[in-house]
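Just below is one structure, and these are the notes that go with it.
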Amino acid sequence: MHVHGRPPPAVDAFTTPAERLHMPIRRARAVLALSAVAVAAATIAVAFNGTASAASTLGASAAERGRYFGTAIAAGRLSNSQYSTIAAREFNMITAENEMKWDATEPQQGRFSYSQGDQIVNFALSRGLKVRGHALAWHAQQPDWARNMSGQALRNAMLNHVTQVATYYRGKIHSWDVVNEAFADGGSGARRDSNLQRTGNDWIEAAFRAARAADPNAKLCYNDYNTDNWNDAKTQAVYRMVQDFKSRGVPIDCVGLQSHFTGGSNYPSNYRTTLSSFAALGVDVQITELDITNANATAYANTVRDCYAVPRCNGITVWGVRDSDSWRSNESPLLFDGSGNKKAAYNSVLSALNEGTPTNPSSPGQSSSQPGNGGGCTATVVPGTVWGDRYNTTVNVSGSTNWIVTVTLTSPQRVSTTWSGTFSWDSSGVVMTVRPNGSGNSFGFTTMMNGNSGARPSVSCRTA
Ligand code: G3I
């Protein structure tokens, strides 16, 4: 049963002014002394306001600024402790490099296989990291049975795939690459020819509608490469599609720029224009597969600065952990070398991340501060009292009074008590949706650990 209303006094860490009036004098002095410390701390905070803080990992720095910094992960490498240690330490968003693609998740028609994707999702969520889903509909990495299909049968199979996979992972995915790489390279600005495209030009919007119906809380992205240079015909073509979708109410929330900066596709000087132009259409922008030939440190830092200059550029993902993990390992394009050492590019990225002004600074006693979805509001987790079998969490929402926050627990943890919000759960019992109840922009809940004492909830925010 979920008990609504304020928790018992023992749960609250702070006294009210009325309670202080009735305190014994010694305790009142102690409170006054603590208040003085609090004022001093606030003064220091004001003094430092606007000064860049220096978080020591990529994910922590990004989270303090309401963004994320992620990596692609291969399930088969998770047993390598150097790999998984770096991944968990440095990043707060994880993308499955191959394990959620069509050939992996539906190897035979109607027979779904989630074990490898689950390995990655469990790795992430049990450590409080978020997950980008990649990719529901794509011309490549289709299972043989789908590659041999066409027409209405293929359209139906694709929509069923989108529905099944997005439903299976509902509540666990921050953002989905719903459609990947649907535009042609070169100067035509046309759609890429593929079996999916030949089912009709509306296949992309049909996929987005199916994804929204299956997982209403995930951000839905269109993802592509060679869309970094604002002057390229392909960039313009994707821009026009997103503009059209927004004008017709097709459910799209974000655009992913893969940003594989290779010798043939270098970091463009107008990248910031590209990011801000997409954002101006009313979508989030995410850099989804960043890697740069020989890990040019200047290009990496400029990429971060360009993202941070655009408020709706809410996250950056690099396409792998160490150079040896990269799909183009011969170009050494990542932030860690094959031995797991930080490269010069790592230092330049961390410095550039730390240049941004913190919006969610961590403070003592607040072990985690998490970004919202960037959808017009930010939800910040403030860890509360921990008992042997349960713990409290407060969530503060900023940026909107008309918010919807999704809280995702790790099973078998369950919420037992809630306060200061309107709460509902999905059928899994681990995804809680919270709306304002008129008491303000903060709510709380008690979670029973049920044997899992390590996991903590993740939150995301969007406006209603
Ligand atoms: O797992 C098999 C292994 O059993 C087999 O022995 C080996 C030899 O062929 O192949 C292995 O599978 C490979 C898989 O990566 C895992 O390493 C596939 O052949 C290979 O094609 C696949 O490449 C992936 C590529 O997408 C496929 O299109 C890359 O890892 C992956 O990084 C890459 O990611 C894409 C994004 O999804 C979309 N944007 C471009 C990006 C880079 O191509």
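Both counts, for ligands and for their atoms, begin at 1 and track the order of listing.
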**Message:** Between Phe245 and Tyr222, is the ring centroid distance below 6.0 Å?
**Reply:** no

**Request:** Scan the protein's non-hydrogen atoms and note whether one is under 4.0 Å from atom 19 (O) of ligand 1.
**Result:** no

**Message:** Any donor-acceptor pair under 3.5 Å linking the side-chain atoms of Glu331 with those of Asn294?
**Reply:** no

**Message:** Assess whether a salt bridge exists between Lys246 and Asp253, defined as any Lys/Arg side-chain N lying under 4.0 Å from an Asp/Glu carboxylate O.
**Reply:** no

**Asked** Does the protein put a heavy atom under 4.0 Å from atom 43 (O) of ligand 1?
**Response** yes

**Request:** Ignoring hydrogens, just give me the one of Trp138, Tyr225, Trp319 whose non-hydrogen atom is nearest atom 34 (O) of ligand 1.
**Result:** Trp319

**Request:** Identify, by atom number and element, the atoms of ligand 1 in contact range of Gln258, meaning under 4.0 Å from any of its heavy atoms.
**Result:** 38 (C), 39 (N), 40 (C)

**Request:** Take atom CZ of Arg248 as the centre, draw a 6.0 Å sphere, and report whether it contains more than 12 heavy atoms from other residues, nucleotides or ligands.
**Result:** yes

**Asked** Tell me: protein heavy atom nearest atom 39 (N) of ligand 1, and distance?
**Response** Glu289 OE1, 2.7 Å

**Asked** Between Phe112 and Tyr168, is the ring centre distance below 6.0 Å?
**Response** no

**Message:** Does the structure place the NZ or CZ of Lys234 under 6.0 Å from the centre of the six-membered ring of Tyr239, at an angle of no more than 45° from the ring's axis?
**Reply:** no

**Prompt:** For Tyr83, is the NZ or CZ atom of Arg322 found under 6.0 angstrom from the centre of its six-membered ring and inside 45 degrees of the ring axis?
**Reply:** no

**Item:** 4.0 Å protein heavy-atom contact status of atom 10 (O) of ligand 1, strictly under
**Value:** no

**Prompt:** Taking the six-membered ring of Tyr308 as reference, does the NZ or CZ atom of Arg67 fall below 6.0 Å from its centre and within a 45° cone about the axis?
**Reply:** yes

**Salt-bridge present (Asp337, Lys343; N to O < 4.0 Å)** = no

**Side-chain H-bond candidate by donor/acceptor type, Gln413 with Tyr391, under 3.5 Å** = yes

**Complete:** The protein heavy atom nearest to atom 30 (O) of ligand 1 is Asn98 ND2, 2.9 Å

**Request:** Could you list the atoms of ligand 1 found under 4.0 angstrom from a heavy atom of Lys101?
**Result:** 26 (O), 33 (C), 34 (O), 36 (C), 37 (O)

**Complete:** Counting from 1 in the order shown, the ligand 1 atoms closer than 4.0 Å to a non-hydrogen atom of Asn180 are 38 (C)

**Request:** Please check atom 4 (O) of ligand 1 for a protein heavy-atom neighbour under 4.0 Å.
**Result:** no

**Prompt:** Hey, is atom 24 (C) of ligand 1 touched by any protein heavy atom at less than 4.0 Å?
**Reply:** yes

**Asked** For ligand 1, which atoms sit closer than 4.0 Å to a heavy atom of Glu181?
**Response** 38 (C), 39 (N), 40 (C)

**Request:** Return a yes/no value: protein heavy atom under 4.0 Å from atom 13 (C) of ligand 1?
**Result:** no

**Request:** Assess His134 for proximity to ligand 1: is some non-hydrogen atom of it under 4.0 Å away?
**Result:** yes

**Asked** Which heavy atom of the protein is the closest neighbour of atom 32 (O) of ligand 1, given with residue, atom name and distance?
**Response** Glu97 OE2, 2.4 Å

**Message:** Can you check atom 7 (C) of ligand 1: any protein non-hydrogen atom closer than 4.0 Å?
**Reply:** no

**Asked** With no hydrogens and no angle check, is any side-chain donor or acceptor of Asn354 less than 3.5 Å from a backbone partner on Ala55?
**Response** yes

**Request:** Distance to 0.1 Å, residue and atom name: give those for the protein heavy atom nearest to atom 28 (O) of ligand 1.
**Result:** Gln141 OE1, 3.1 Å

